[in-house]
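Start at 1 with the first residue, then count along the sequence.
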Amino acid sequence: MNKVFNLTNKYIILATPLILFSLISSIYLTFSAAGKIINLIIAIVLFTLMLGAFIAGWGNMIKQAVQDSYDTDSNALIKEFTPGVGEYFLPALGSILVMAVVSIIILAVSYFAGMKGIGDPGISSDAFSKAMESADALKLFLTSLTAEQLAKLNLWNLLLLGTIGLTYFLLILYLPAIFFKNKNPFVAFFISLKDLFSKNFGKTLLVYAAVISVNFVLSIAAAIFAGNLIFHFLVTLINFYYIVFAGMGIFYYYHKTFVETHLGKNIDETV
């Protein structure tokens, strides 16, 4: 833990591309994903390309930071972004496809399991979307539901949270596997699953639980201070720092647990 904190503070330059990507992508999606369906499709395609470039460059920066390659000028790590895009752009695009497919499959299985085990709460999508427009609309919507509908809605919420949690857990080692072991996104996915369900399963689960728990606390803090400009800004800064820390922590854990201990012995290793 101390090592990860030290690396995060040393290579805090990692926050720069993260903040820039977050800002640029938010502005881009706000102004481009409107109007005709063709505009939405183009916006999604271009955003996917932007996301692929970011994952490639930022992931390469984290990889170099984990290996602690810059002893004198840590800010020089920013130079690794462009080479990372050149080397990992296609693998990053492939990883986006794999993660999307895995998420859709898990979501579909979860949906059919929910319909079978929980049942349809009898709420139309229009009514639900209108309820999300404001706090008053949501309160009115909830009071209009029967006890049975509320119970089913709560169970669906729990199922959705479980589905998201399972998806994140299955993918937690995926990107590190691409950057440390195999650039083929499809091969790397199965390597990450093999590493996930290895003898270090319990250890990986604890790492995942720690990452998710802190993220949950920060999400609550962001919601609480949404109306306070100063505190909301501070929470946003903390959140950016935590994303860098979590990315560094997952890559560092993967490198220490699944790469360094298998150098010269693991056929998956390409570092």
Side-chain angles (χ1 to χ4, degrees), residues 18 21-22 25 29 40-41 43-60 62-63 84 87-118 155-213 215-216 219 243 246-251 253-255 257-259 266-270:
L18 175 64
F21 173 75
S22 178
S25 61
L29 290 176
L40 180 61
I41 294 174
I44 292 174
V45 171
L46 292 179
F47 174 75
T48 302
L49 295 175
M50 290 168 56
L51 180 59
F54 170 73
I55 291 175
W58 202 56
N60 188 53
I62 297 179
K63 175 183 177 180
E87 184 175 357
Y88 292 103
F89 180 64
L90 291 180
L93 285 181
S95 72
I96 294 173
L97 174 62
V98 170
M99 288 187 285
V101 171
V102 170
S103 299
I104 290 171
I105 291 175
I106 295 177
L107 188 61
V109 172
S110 176
Y111 172 77
F112 287 114
M115 291 298 290
K116 189 77 173 178
I118 301 174
L155 289 175
W156 273 104
N157 286 334
L158 290 175
L159 179 61
L160 179 60
L161 289 174
T163 300
I164 294 173
L166 175 62
T167 304
Y168 285 166
F169 181 62
L170 290 177
L171 297 173
I172 188 172
L173 302 179
Y174 182 36
L175 290 179
I178 289 178
F179 285 93
F180 284 116
K181 287 193 173 181
N182 199 305
K183 295 177 186 177
N184 186 313
F186 304 103
V187 175
F189 175 67
F190 291 104
I191 291 174
S192 70
L193 289 181
K194 184 191 74 173
D195 291 336
L196 179 64
F197 293 101
S198 65
K199 63 180 180 180
N200 294 296
F201 178 82
K203 190 176 178 181
T204 305
L205 183 60
L206 288 176
V207 171
Y208 171 77
V211 170
I212 291 299
S213 298
N215 184 67
F216 180 71
S219 298
I243 293 173
M248 182 77 75
I250 292 172
F251 270 62
Y253 166 73
Y254 190 83
H255 185 260
T257 308
F258 301 103
V259 177
N266 193 334
I267 60 172
D268 299 326
E269 177 58 49
T270 59

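Between the CG atom in Leu166 and the CG atom in Leu107 there is a gap of 11.5 Å [rounded to 0.5 Å]. Distance check, rounded to the nearest 0.5 Å: CD1 of Ile164 to CD1 of Ile212 gives 10.0 Å. To the nearest 0.5 Å, atoms CG (Asn200) and CG (Leu206) are separated by 11.0 Å. The line from OH of Tyr111 to CH2 of Trp156 is 6.0 Å long, rounded to the nearest 0.5 Å. In this structure, CD1 on Ile44 lies 12.0 Å from CG on Leu49, to the nearest 0.5 angstrom. The distance from the CZ atom of Phe186 to the CD1 atom of Ile178 is 9.5 Å, given to the nearest 0.5 Å.
Here the closest non-hydrogen pair linking Gly52 and Ala92 is O-CB, 3.3 Å. Between Val98 and Pro185, the shortest heavy-atom distance links the atoms CG2-O, 4.2 Å. Of all non-hydrogen atoms in Gly114 and Leu159, the two that sit nearest each other are CA-CD2, 3.6 Å.
Between the side chain of Thr257 and the backbone N or O of Tyr253, at least one donor-acceptor pair lies under 3.5 Å. Using a distance-only test at 3.5 Å, with no hydrogens or angles considered, no donor-acceptor pair links the side chain of Tyr88 to the main chain of Trp58. Within the 3.5 Å criterion, the main-chain N or O of Leu18 finds no donor-acceptor partner in the side chain of Ser22.
In this structure the side chain of Tyr254 never reaches within 4.5 angstrom of the side chain of Leu175, judged on heavy atoms. Put simply, the side chain of Phe189 reaches to within 4.5 Å of the side chain of Leu171, judged on heavy atoms. Considering only heavy atoms from C-beta on, Asn215 comes within 4.5 Å of Ser219 through its side chain. Put simply, the side chain of Phe179 does not reach to within 4.5 Å of the side chain of Pro91, judged on heavy atoms. Between Thr204 and Phe258 the shortest side-chain heavy-atom distance falls below 4.5 Å. At a threshold of 4.5 Å between non-hydrogen side-chain atoms, the residues Leu170 and Phe197 count as touching. With contacts defined as side-chain heavy-atom distances shorter than 4.5 Å, the pair Phe180/Ile191 does not qualify. A heavy-atom distance below 4.5 Å is found between the side chains of Phe89 and Leu93.
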- Phe47 and Phe54: CA distance, side-chain angles, deciding distance, ring-ring contact (aromatic ring centres under 6.0 Å, His included) verdict: CA-CA 10 Å; Phe47 174 75; Phe54 170 73; over 10 Å; no
- Derivation of the side chain to side chain contact (heavy atoms under 4.5 Å, CB included) call for Leu51 and Ser25: CA-CA 9 Å; Leu51 180 59; Ser25 61; over 6 Å; no
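Here the options are Ile62, Ile250, Val259, Asp195, the test is side chain to side chain contact (heavy atoms under 4.5 Å, CB included), and the partner is Pro176; only Ile250 passes.
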